[in-house]
Amino acid sequence: MRIDILTLFPEMFQSPFSVGIFKRAIDQKLVSVNTHNIRDYTRDTHHTVDDYAYGGGAGMILKPEPIFEAVESMKSDIYSKEGADALPILLLTPQGRLFTQEVTHELSRYRHIILICGRYEGVDERVRQHLVTDEISIGDYVLSGGELAAMVVVDAVVRLLPGVLGSEASPLDDSHTTGLLEYPQYTRPAAYRGWSVPQVLLSGNHAQIAKWRREWSILRTLERRPELLDKANLSLEEKQLIDGRKQS
Ligand code: SAM
């Protein structure tokens with residue numbers, strides 16, 4: 001997958017993408033991440049990227065021209081017109097659709113995505129209307145820039161790409177993938193300060209372990225995020241487990 005990020009602060013992306021599974025994915029050429037400074041696409045001598053809002057009000061707005069030109073030059077470098085039409089151009093904004101694991105899976109199916117990071121009071125409305133194909137919010141709070149949001153999106157998407165996690169880990173059991181939160185996890189030692197690992201996990205009985213994990217996934221979701229259960233795919237027996245727990 002190729003990821004292009006438009007930002008006023010490309011240097012912010014150096015550290016997160018230079019460690020762990022991300023670095024490995026880049027080294028193995030499973031993903032390439034390119035940052036582009038929006039300022040490089042300005043045409044005036046002062047390299048102006050922002051201006052006052054029409055109608056007044058505090059704060060500056062990112063101008064449309066450098067953002068349009070950056071995206072257009074990227075598209076014409078890489079694609080014929082037809083190929084570029086399917087390319088997702090995502091604006092990070094607190095007004096966008098909420099970024100969930102479902103959106104992560106959706107984005108991980110593309111070969112190429114472009115992310116636009118806003119700053120100041122945001123971007124000129126014409127960028128939303130005539131350039132971007134989707135708007136993404138990472139939560140109901142306001143950050144000072146889209147860079148941290150872009151890192152969250154890129155991290156969550158890249159770990160789903162085939163080969164990135166390797167055989168030692170699978171994203172399939174992760175919280176929010178099955179619609180449930182993940183079951184409790186333990187590692188050695190089997191007893192620590194008198195707190196023991198549940199016996200079933202030491203039994204070697206894979207069927208029993210899978211049953212225990214599924215039940216705990218359901219119970220943990222019931223306890224912490226009960227609203228998720230409305231959409232989860234549950235058997236009759238599992239619904240009865242929930243009803244029993246609610247009554248106790
Ligand atoms: N005035 C804008 C509004 O009320 O919608 C907020 C601008 S915010 C201070 C500056 C930039 O940070 C935004 O353009 C966006 O790129 C980014 N940003 C802030 N909060 C975000 C969030 N929850 N999700 C994604 N991006 C966010």
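Atoms within a ligand are numbered from 1 in the order they appear, just like the ligands themselves.
- The side-chain contact (heavy atoms from CB on, under 4.5 Å) search around Trp212 returns Pro184, Tyr186, Pro198, Val200, Leu201, Trp216, not counting sequence neighbours.
- Cluster partners of Leu160 are absent, since no Ile, Leu, Val, Met, Phe, Trp or Tyr has side-chain heavy atoms less than 4.5 Å from it.
- As a member of the Ile/Leu/Val/Met/Phe/Trp/Tyr network built from side-chain separations under 4.5 Å, Leu180 groups with Ile218, Leu219, Leu222, Leu229, Leu234, Leu241, Ile242.
- No more than 12 heavy atoms of other residues, nucleotides or ligands sit less than 6.0 Å from atom CD of Glu237.
- Listed by chain and number, residues touching ligand 1 at under 4.0 Å (heavy atoms only) are Leu92, Thr93, Pro94, Gln95, Gly118, Arg119, Tyr120, Glu121, Gly122, Ile136, Ser137, Ile138, Gly139, Tyr141, Val142, Leu143, Ser144, Gly145, Gly146, Ala149.
- Cys117 and Ile5 get closest at one heavy-atom pair: SG-CG2, 3.7 Å.
- A side-chain N or O of Glu147 and one of Thr7 form a donor-acceptor pair less than 3.5 Å apart.
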